[in-house]
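Take a look at the structure below.
These numbers were taken from a predicted model, which means no experiment stands behind them. A note on names: the letters A, B, ... follow the listed sequences, proteins ahead of strands, and every chain is numbered from 1.
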Amino acid sequence: MAKNLLIVESPAKAKTIEGYLGKDFTVKSSYGHIRDLVKSEDAIDIAHNFEQKYEVPADKKQIVSDLKKLAKEADMVWLASDEDREGEAISWHLYETLGLKESNTKRIVFHEITKPAILRAIENPRKIDYNLVNAQQARRVLDRLVGFELSPVLWKKVKPSLSAGRVQSVAVRLIVDREREVNKFKSEAAFKIVALFGKAKEAFKAELPERFAQQDDAEKFLLDCVTADFDINSLETRPAKRSPAAPFTTSTLQQEASRKLGYSVSRTMQVAQKLYESGLITYMRTDSVNLSDTALNAAADEIVSAYGNKYHQQRKYKTKSAGAQEAHEAIRPTYFNQHSIDGDGSEKRLYDLIWKRAIASQMSEAQFEKTTAKIGISTRKEELVANGEVMKFDGFLKVYLESSDEDDEPQQDGENSMLPPLTKGQRLALQEMSATERFSRPPARYTEASLVKKLEELGIGRPSTYAPTISTIQNRGYVVKEEREGKQRAFRVLTLKSGNITKEEKIENTGAEKGKLFPTDIGAVVNDFLVLYFKGIVDFNFTASVEKQFDEIAQGLKEWTDMIRKFYDPFHKDVESTIQTADKATGERELGVHPVSGKKISVRIGRYGPFVQVGENATDAEPEKPLYASLRSGQSIETISIEDALELFKLPKKVGLFEEKDMTVAIGKFGPYIRHNSAFYSLPKGIDPLDVTEEQAIELILEKRKKDAEKLIKAFDEDPTVKILNGRWGPYIEFGKLNVKIPKGKEPLELTFEECKALAAIAEKEPKKGAKKFAKKK
DNA sequence: CAGTGAGCGAGCTTCCGCTTGACTT
């Protein structure tokens, strides 16, 4: 039996370290936190110094009992969780839960998983740092108090099952605020002048720095240029350089994988987890840009041997993000000499990105020569400007170039292109000049990754929570990730060529969005409610200010219960008074009155989502009920017009009769459909539901019936709700509302009713995890 | 899957941060 038990947080880490330490050490993992506050109300005893009640969650019971057994058998237990607030608390929870004693427990820390770092750590053990543990408890208690007092206020005042928290509510606020900026934005048009000089290979573009707001001014400019001479007034050449970006943290990896590979934040983490478990990369949840000495040397060797000495430049990066705890290295390949890996496509691509970024971070800067030519116009006082750029040395660009969020911006004319050899005073021949109407753009909506970037800047959330936070705000229905179609917009182009000016109008698509985060109506209502009654909590600086206090607790300068008391008492008072005084929040907005009946038209959130109401609520005096219609996806309470609202009442509509039953057309959650005899038939795309004819509807119904008949393998006389059907993934049993898999080796046609019943009974007993999750969402 | 929108009341929901798996669709 090993004399020493060493406990880390991650099993993959445990495996690696075990290899470094030899037979005297057993290395095990705690799989993160092993205890948490109980779920119930009494988790925190507010009257008694916020005393906490902890429990080992069901899925950690086995781990804890295994560790307990090993700890009993070992001479020495080494607590090697991460060196940050959470890690220190994990060590403390282990100490308490495993029943360890000071005499046989040592606390060690390391920031990188390399043999020298581990050995050094073992030679320098310390004790559990209770100040750091207290800081973690303050963090945990504050988050629980905020989350579990605020959420119930929302259940009462907005809708059941909603949630609020220090992190998620700010994330939602960012998205709501941004959407309002976009909606408020007034686009301004101006004419941009671009000139094309020279011929063929010698051709280059120059741009006028000023823009013209009026078409007349742009036209006048072109007109003046008809007879003008163009001379190079000045020519300036200067060196420029560019440095590589720091190696990846969780946040920057998520951003780059989103921009370069189109991965969602959670996909990036899933793929990175696989790479980590295969031993190919270092830990993927980190806020540090630091590389170990081992890594720096390995990168240097690789760069020198692959590209030569002059491509190598050692760099040590300093983290800029507030609140970084730097318990790990930056994300990097474990072995720099492994340029590519085996694995599926997404793993290969992500590894490639990580490898390139890490290698590039240790390479020389790229060097350029930038040339600016200013071109005088004999008939005008303005100057045209042409910029050219020539790369003199590629440096790190040989392997990697970081993308930016503004990459969808059209390439600026005359930027970063090559210029032909030019001399000062040279006269240029104008080929063509254009004045193109361009529009200013509203601020960009957040993508998942750009939201992570913003949260990190604000110091809100941690590497391990970015992806889950983004899922939470979507699962709660506060935010949707969507595509939105753009609108056509006309823009004017004036062209000067061969002494003539031509005018034309062109069409461009604008405002199209893909994979962007939009607030829902419920998201906006919840946000406004929180901003109104709990401004301090959803303040962008709230986390930063409590983090500062956690730091003071960690340094032993502050008592954690004092800090929480000072926060909690006024906060709780706000909660109480909000419950007492606040009205229910529905986001109600009056759109105006009905053009015919004169009744009030309003929109608000109801039990089933946002809807329009025409007329007042029924009363004893006025028993007539109002009319209702749900908003459609893409519409929102804040922006819907009275015209669009009235349009919603044109459906559902009768289309005709079939088999003596009415057919109606309407639009549901999943698009337009025909309803007949309580069955639903989706309308194909391209048919306007308002234009559907009786014939088309009948045809649709018959088509669907035919398809369904082909699907049916077997029906049972015993129970008409039980069928064997042919589905997308092969045959299955439909048992009422339950879909049951057919075990391998069974011939679907030969299944009896009794067998189906038995299979359904088994399936019902073991509800699927995914099904549970889905039920939870609802 | 797709309609609904008053009000009552049962019982439930909910936080953040540290880890993986076991699941689909």
Side-chain angles (χ1 to χ4, degrees), chain A residues 8-14 29-37 39 41 43-44 57 59-60 63 81-82 84-90 93 136 139-155 159-169 270 273-274 276-277 283 285 325 327 460-466 468-469 472 476 537 543 586 604-613 617-619 625-630 651-652 664-675 678-683 727-729 737 767-774 776-778:
Chain A
V8 293
E9 293 179 37
S10 150
K13 214 190 252 184
S29 139
S30 73
Y31 291 81
H33 275 294
I34 51 141
R35 281 207 307 194
D36 192 16
L37 294 173
K39 286 269 175 216
E41 294 255 304
I44 299 166
D59 58 331
K60 293 288 166 66
I63 295 158
S81 47
D82 297 345
D84 57 15
R85 217 159 55 201
E86 298 297 327
E88 202 66 24
I90 288 174
H93 283 307
Q136 193 273 346
R139 200 280 305 153
R140 181 68 191 92
V141 166
L142 178 117
D143 282 336
R144 166 60 68 87
L145 290 172
V146 169
F148 275 38
E149 295 218 5
L150 231 38
S151 300
V153 179
L154 296 180
W155 305 343
K159 212 177 103 169
S161 299
L162 296 175
S163 66
R166 174 178 57 83
V167 172
Q168 59 169 292
S169 296
Q270 277 166 18
Q273 176 87 29
K274 275 202 171 156
Y276 168 67
E277 283 168 13
Y283 198 56
R285 290 187 275 263
Q325 309 205 1
I460 298 172
R462 304 277 312 129
S464 67
T465 60
Y466 295 136
T469 298
T472 299
R476 294 273 173 275
I537 305 292
T543 291
T586 64
R604 69 173 190 277
I605 300 243
R607 267 195 292 171
Y608 315 104
F611 69 102
V612 189
Q613 174 172 342
N617 284 346
T619 59
K625 276 196 166 185
L627 291 173
Y628 304 107
S630 288
L651 291 173
T664 51
V665 60
I667 293 181
K669 242 198 222 169
F670 308 98
Y673 64 93
I674 304 280
R675 189 176 184 181
S678 66
F680 299 92
Y681 306 88
S682 290
L683 276 185
R728 257 207 287 177
W729 296 284
K737 283 191 171 174
K768 301 252 158 68
K769 235 186 166 180
K772 249 195 211 161
K773 258 189 197 163
F774 184 72
K776 244 185 163 178
K777 256 193 250 172
K778 284 193 134 183

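In this structure, A:Thr465 reaches the B:dG17 phosphate: one of its side-chain N or O atoms is under 4.0 Å from OP1 or OP2. At B:dC15, one or more side-chain N or O atoms of A:Arg476 fall inside 4.0 Å of OP1 or OP2 (strictly under the cut-off). Between A:Gln136 and B:dG17 there is no side-chain polar atom (N or O) within less than 4.0 angstrom of OP1 or OP2. A:Ser10 has a side-chain polar atom (N or O) that falls below the 4.0 Å cut-off from OP1 or OP2 of B:dT20. The shortest distance between the side-chain N/O atoms of A:Ser163 and the OP1/OP2 oxygens of B:dC15 is below 4.0 Å. When the side-chain nitrogen and oxygen atoms of A:Ser464 are compared with OP1 and OP2 of B:dC18, one or more of them lie within a distance under 4.0 Å. Using a 4.0 Å cut-off, no side-chain N or O of A:Arg139 falls inside it from OP1 or OP2 of B:dC15.
Using a 4.0 Å heavy-atom criterion, one finds that A:Arg144 contacts the bases of the nucleic acid, with or without backbone contacts as well. Within the 4.0 angstrom heavy-atom criterion, no nucleotide atom of any strand lies near A:Thr469. No contact: A:Ala666 has no heavy atom under 4.0 Å from any strand. Across all strands shown, A:Tyr276 has heavy atoms under 4.0 Å from sugar-phosphate atoms exclusively, and none from any base. Contact annotation for A:Val167: backbone-only contact, meaning every heavy-atom pair under 4.0 Å involves sugar-phosphate atoms and none involves a base. Counting any heavy atom pair closer than 4.0 Å across all strands shown, A:Tyr466 reaches no nucleic acid atom. As judged by a 4.0 angstrom heavy-atom cut-off over every strand, A:Glu149 is placed among residues making no nucleic acid contact. When heavy atoms are screened at a 4.0 angstrom cut-off, A:Arg140 is found touching base atoms of the nucleic acid. Using a 4.0 Å heavy-atom cutoff across all strands shown, A:Pro152 reaches at least one base atom of the nucleic acid. Counting non-hydrogen atoms under 4.0 angstrom, A:Ser169 reaches nothing in the nucleic acid.
Protein atom CD of A:Glu41 is 12 Å distant from nucleotide atom P of B:dC12, rounded to whole Å. Between the NZ atom of A:Lys274 and the P atom of B:dT20 there is a distance of 15 Å, given to the nearest Å. Computed from coordinates, the A:Gln325 CD to B:dC18 C1' distance equals 12 Å when rounded to whole Å. Taking atom CD of A:Glu277 as the reference point, atom P of B:dA22 lies 11 Å away to the nearest angstrom. Counting to the nearest Å, the C1' atom of B:dA22 and the CD atom of A:Gln270 are 12 Å from each other. In this structure, A:Glu86 places its CD atom 8 Å from C1' of B:dC16, rounding to the nearest Å. Atom pair A:Ile44:CD1 and B:dC15:P shows a separation of 14 Å (rounding to whole Å applied). Counting to the nearest Å, the C1' atom of B:dC18 and the CD atom of A:Gln273 are 12 Å from each other.
Contact detail for A:Ser10 and A:Tyr276: the closest heavy-atom pair is OG-OH, 2.7 Å. Taking all atoms of both residues into account, the shortest heavy-atom contact from A:Asp84 to A:Ala327 is OD2-CB, 3.7 Å.
Of the candidates B:dC15, B:dT13, B:dT20, the closest approach to any side-chain atom of A:Arg285 belongs to B:dT20. For A:His33, the listed nucleotide lying nearest its side chain is B:dC18; candidates were B:dC18, B:dT20, B:dT19. With B:dT14, B:dC15, B:dC18 as the choices, the nucleotide that has an atom nearest any side-chain atom of A:Lys39 turns out to be B:dC15. For A:Gln168, whose side chain is taken as the heavy atoms from C-beta onward, the closest listed nucleotide among B:dC18, B:dG17, B:dC15 is B:dC15.
The side-chain heavy atoms of A:Gln136 and A:Glu88, taken from C-beta on, include no pair separated by under 4.5 Å.
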- Task: Tell me, with the steps shown, if A:Asp82 and A:Arg285 meet salt bridge (Lys or Arg N to Asp or Glu O under 4.0 Å).
- Result: CA-CA 12 Å; A:Asp82 297 345; A:Arg285 290 187 275 263; over 6 Å; no
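By the stacking rule of 5.5 Å between ring centres and under 30° between planes, A:Phe148 stacks on the base of B:dT14.
The residue among A:Gly87 and A:Leu37 whose nearest nucleotide of DNA chain B is located toward the 5' end is A:Leu37.
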Filtered N/O pairs between nucleotides 3-9 of chain B and protein, under 3.5 Å:
{"from": "B:dT4", "atom 1": "O2", "to": "A:Tyr608", "atom 2": "OH", "distance (Å)": "3.3"}
{"from": "B:dG5", "atom 1": "O6", "to": "A:Ser630", "atom 2": "OG", "distance (Å)": "2.8"}
{"from": "B:dG5", "atom 1": "N2", "to": "A:Arg607", "atom 2": "N", "distance (Å)": "3.2"}
{"from": "B:dG5", "atom 1": "N2", "to": "A:Tyr608", "atom 2": "N", "distance (Å)": "2.6"}
{"from": "B:dG5", "atom 1": "N2", "to": "A:Gly609", "atom 2": "N", "distance (Å)": "3.2"}
{"from": "B:dG5", "atom 1": "N2", "to": "A:Gly609", "atom 2": "O", "distance (Å)": "3.1"}

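A side chain to side chain contact (heavy atoms under 4.5 Å, CB included) with A:Glu86 is found for one member of A:Arg462, A:Arg140, A:Arg139 and no other, namely A:Arg139.
Between the side chain of A:Thr465 and the main chain of A:Gly461, no donor-acceptor pair closer than 3.5 Å is present.
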